[in-house]
Novice: 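Handing you this structure, nothing more for now.
Counting convention: from 1, in listed order, for ligands and their atoms alike. Just so it is clear, the values below take in all heavy atoms, side chains as well, and ignore hydrogens, waters and symmetry mates.
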Amino acid sequence: MTAIPRLGSMHDVKRFEAHLKALGHSIPLDEHLIAGAESPLAKPLVRGEIRIGNRITVQPMEGWDGTFDGRPTESTIRRWQRFGRSGGKLIWGGEAVAVLDEGRANPHQLVAAAHTRKDLAHLRAVLRTEHRQTAGSEDGLLIGLQLTHSGRFCRPNSDHRPVPRILHHHPILDRRMKLAADHPLLTDGEIERIIESFHRAAGIAWELGFDFVDVKHCHGYLGHEFLGAHTRDGRYGGSFENRTRFLREVVDGIRSSAPGLKLGVRLSAFDTIPFRPDPQSSTAEKLGPGIPEEHHDLLPYRWGFGIDPQRPTEPDLQETMQFIELLQKLGITLVNLTGGSPYYNPHVQRPALYPPSDGYMPPEDPLVGVARQMQHARAVKAQFPEMIFVGSGYSYLQEFLPHVAQAAIDSGWIDSVGLGRMVLTYPEQLWDTLEGAPIQRKRICRTFSDCTTAPRNGLPSGCYPLDSYYKDSEPAQRLKEIKTRSVAPSAAAP
Ligand SMILES: Cc1cc2nc3c(=O)[nH]c(=O)nc-3n(C[C@H](O)[C@H](O)[C@H](O)COP(=O)(O)O)c2cc1C
């Protein structure tokens, strides 16, 4: 692949548009940004009882910085303050919060439990205070808590060892994770106890005043693995009905224990098979570009959701639409669309110019990844116009993010634009647009992936290249040493 042009060096919208066109993609794009109440980004979003004051969403962004007993630290509190400072009126969950200790993706993940109630309340309070300072009021502010069980990707203990809790065997992921053929599957009884822990956690969120909980179904974690559990026997696998039983049972229990609590679902709406660095072009110094794992003897492919079983490198939205229809029937209006997984195809889930240390060089211009997420979200939105959809994967757009966000809302591709990595470095980017303030280019996320490489190596997440809180920290020094030893390109590379 030829060198990927840097968006930071494309100073005007016309050049950016020409580049997109050359890639064969078209996404909405406004040349001129609109400030104030006339901006599409400032329009409130109202559906039934849900009222969201603007079109800016803060995506859940975990920091791998809680205490071993699942409570926030000073760094967590700072991150939630910055979520509030963004001016975004939809806070989609803050970050992944485990419903059980053993369901944590890392030993620093937050937990929703009796002993963390005060801490979760504090996170919500600091976010609200900061939000009032930016936006002037809390009018139309909707705050959720993302509830999760990490399933296959559990690493709950202080030794950071994986403790996979799987629903079915996966021919590629099992091999990668070195799981034995008889690695135990979660039993139906264990699943029932996990469902009860979702009910308990939602009850806590409700008592603390969170407006909604997200029953997470994305990125390879447990909820998402249920949707792809085609090969599992019994009540929770096989048919669509069985693969969505987890969702229905979680929702039923929450509805009876926390009747006023709203519900949302973050969904990996499409997927592709796991990728790995191309061994032909990987060297000791450099990762090769990502290529799909060998899968020709695995057809029809039965280990994913939103994938074409005959051509599993291609998405298939048929069951995705069926799932959204189910959400609609269950009275769930809030849906956050994402794709793939950071563990096995990060270029799909978080398009980036630089890979994390356990990743691969981009197999495509990351803009293609942005366009893919936007186009699939558009297709879903077109089929369910009355529901509320949040879009993901916009951070790679960098200085052009406001131009695309404004146009995407205006043209009805999506209802609200989610900010993920951009929130770590420049939470006010879209708020500055609304205020008519110039974009602060030095604060723009350039997708160096240190926010992923750090936690992959046991360090807290954060923007190490740009945020002085991390840049000047002791973990930054350790990260530098780790990166010098690993084959991943350094964030300082051009
Ligand atoms: C450091 C980091 C932490 C994340 N934490 C979460 C999380 O807790 N829950 C979740 O659903 N997604 C999480 N994500 C995914 C983001 O919410 C988002 O989908 C992804 O970064 C792509 O959006 P972006 O291009 O705006 O960054 C995380 C991503 C990163 C890089």
Side-chain angles (χ1 to χ4, degrees), residues 7 56-66 75-76 79-80 83 86 88 90-98 104-106 108-110 144-150 153 213-224 264-269 335-343 345-356 359 366-367 369-374 377 390-398 400-401 404-405 414 416-427 429-430 444-456 459-464 467 470:
L7 299 195
I56 308 169
T57 294
V58 175
Q59 297 285 24
M61 291 298 287
E62 204 182 332
W64 290 259
D65 51 14
S75 306
T76 327
R79 195 170 52 261
W80 281 60
F83 294 163
S86 69
L90 178 54
I91 308 296
W92 191 284
E95 63 187 275
V97 176
R104 291 198 277 179
N106 66 82
H108 295 286
Q109 190 166 54
L110 303 185
L145 192 68
Q146 182 177 59
L147 300 183
T148 189
H149 185 293
S150 299
F153 299 106
V213 290
D214 166 22
V215 184
K216 187 172 185 176
H217 275 71
C218 61
H219 303 164
Y221 297 111
L222 191 74
H224 188 203
V265 169
R266 190 159 203 219
L267 172 70
S268 279
V335 184
N336 188 330
L337 299 169
T338 168
S341 162
Y343 294 100
N345 47 30
H347 73 288
V348 170
Q349 191 252 355
R350 51 183 74 158
L353 199 52
Y354 302 93
L367 264 188
V370 176
R372 185 186 295 116
Q373 290 215 34
M374 289 186 69
V390 176
S392 305
Y394 287 77
S395 291
Y396 182 74
L397 291 164
Q398 303 167 54
F400 303 105
L401 192 157
V404 173
I414 200 73
S416 185
V417 168
L419 297 178
R421 289 161 295 177
M422 194 63 81
V423 151
L424 298 183
T425 153
Y426 183 12
Q429 192 192 23
L430 287 178
I444 289 178
C445 167
R446 300 293 177 194
T447 67
F448 286 127
S449 290
D450 281 9
C451 56
T452 304
T453 295
R456 292 281 197 264
L459 300 172
S461 180
C463 185
Y464 287 87
D467 180 350
Y470 292 96

Novice: Please could you name the atoms of ligand 1 that C451 approaches to less than 4.0 Å, counting only its heavy atoms?
Specialist: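 Here the atoms of ligand 1 in question are 1 (C), 31 (C).
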Novice: Check each of R350, Q146, E62 against atom 9 (N) of ligand 1 and report the one with the nearest heavy atom.
Specialist: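 Going through R350, Q146, E62 one by one, Q146 has the nearest heavy atom to atom 9 (N) of ligand 1.
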Novice: I need the atoms of ligand 1 closer than 4.0 Å to a non-hydrogen atom of Q59, numbered in the order shown.
Specialist: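 So the atoms of ligand 1 that pass are 17 (O).
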Novice: Taking atom 18 (C) of ligand 1 as the point of reference, which of H217, R266, R421 owns the nearest heavy atom?
Specialist: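 Answer by nearest heavy atom: R266.
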Novice: Distance to the ring centre below 6.0 angstrom and angle to the axis at most 45 degrees; does that hold for R456 and Y343?
Specialist: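 Yes - R456 lies over the ring of Y343, closer than 6.0 Å to its centre and within 45° of its axis.
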Novice: Heavy atom under 4.0 Å from ligand 1: found in S461's side chain, backbone, both, or neither?
Specialist: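 The side chain, only.
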Novice: Does an N or O anywhere in A96 fall below 3.5 Å from an N or O of ligand 1?
Specialist: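 So ligand 1 has an N or O lying under 3.5 Å from an N or O of A96.
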Novice: Is ligand 1 under 4.0 Å from a heavy atom in the side chain of K216, in the backbone, in both, or in neither?
Specialist: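 The answer is the side chain.
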Novice: Restricting to non-hydrogen atoms, name the atom on D450 and the atom on P455 that form the minimum distance, rounded to 0.1 Å.
Specialist: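 Heavy atoms only, the tightest pair is O-CD, 4.1 Å.
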Novice: Of all the non-hydrogen atoms in the protein, which one sits nearest to atom 23 (O) of ligand 1, and at what distance?
Specialist: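 The answer is G393 N, 3.3 Å.
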Novice: What part of W92 sits under 4.0 Å from ligand 1 if we count only heavy atoms: the side chain, the backbone, both or neither?
Specialist: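 Neither; nothing of W92 gets under 4.0 Å from ligand 1.
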Novice: Looking at atom 26 (O) of ligand 1, what's its closest protein heavy atom, distance included?
Specialist: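 Going by distance alone, atom 26 (O) of ligand 1 is nearest to S395 OG, 2.7 Å.
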Novice: Kindly indicate whether the side chain of R372, heavy atoms from C-beta on, has any atom under 4.5 Å from the side chain of V348.
Specialist: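 Touching, per the 4.5 Å side-chain cut-off.
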Novice: Considering only heavy atoms from C-beta outward, does the side chain of Y221 approach that of K216 to under 4.5 Å?
Specialist: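 In short, these two side chains touch, coming nearer than 4.5 Å.
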Novice: Ignoring hydrogens, just give me the one of P366, P60, G420, C463 whose non-hydrogen atom is nearest atom 17 (O) of ligand 1.
Specialist: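 Among P366, P60, G420, C463, the closest heavy atom to atom 17 (O) of ligand 1 belongs to P60.
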Novice: Is there a side-chain contact between T76 and L110, using heavy atoms and a 4.5 Å cut-off?
Specialist: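 The answer is yes; the side chains approach within 4.5 Å.
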Novice: Counting each atom of ligand 1 from 1 as listed, which ones have a heavy atom of Y394 under 4.0 Å away?
Specialist: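 Numbered from 1, ligand 1 contributes 25 (O), 26 (O).
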Novice: I'd like to know if the side chain of Q373 reaches the main chain of T338, judged simply by a donor and an acceptor atom lying under 3.5 Å from each other, with no hydrogens or angles considered.
Specialist: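 Side chain of Q373 to backbone of T338, a donor-acceptor pair under 3.5 Å: no, none is there.
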Novice: Kindly indicate, with the supporting measurements, whether the criterion salt bridge (Lys or Arg N to Asp or Glu O under 4.0 Å) is fulfilled by E95 and R79.
Specialist: CA-CA 10 Å; E95 63 187 275; R79 195 170 52 261; 2.8 Å; yes
Novice: If you compare all heavy atoms of R104 against all heavy atoms of Q109, which two are closest, and at what distance to 0.1 Å?
Specialist: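 R104 and Q109 have their closest heavy atoms at NH1-O, 2.9 Å.
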Novice: Do the non-hydrogen side-chain atoms of F400 and Q398 ever get within less than 4.5 Å of each other?
Specialist: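 Result no, sub-4.5 Å side-chain heavy-atom pair not found.
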Novice: Specify the protein heavy atom at minimum distance from atom 2 (C) of ligand 1: its residue, its atom name, and the distance to 0.1 Å.
Specialist: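 The closest heavy atom on the protein side is M61 CE, 3.5 Å.
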Novice: Who's the nearest protein heavy-atom neighbour of atom 22 (C) of ligand 1, and how far?
Specialist: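 That would be Q349 O, 3.5 Å.
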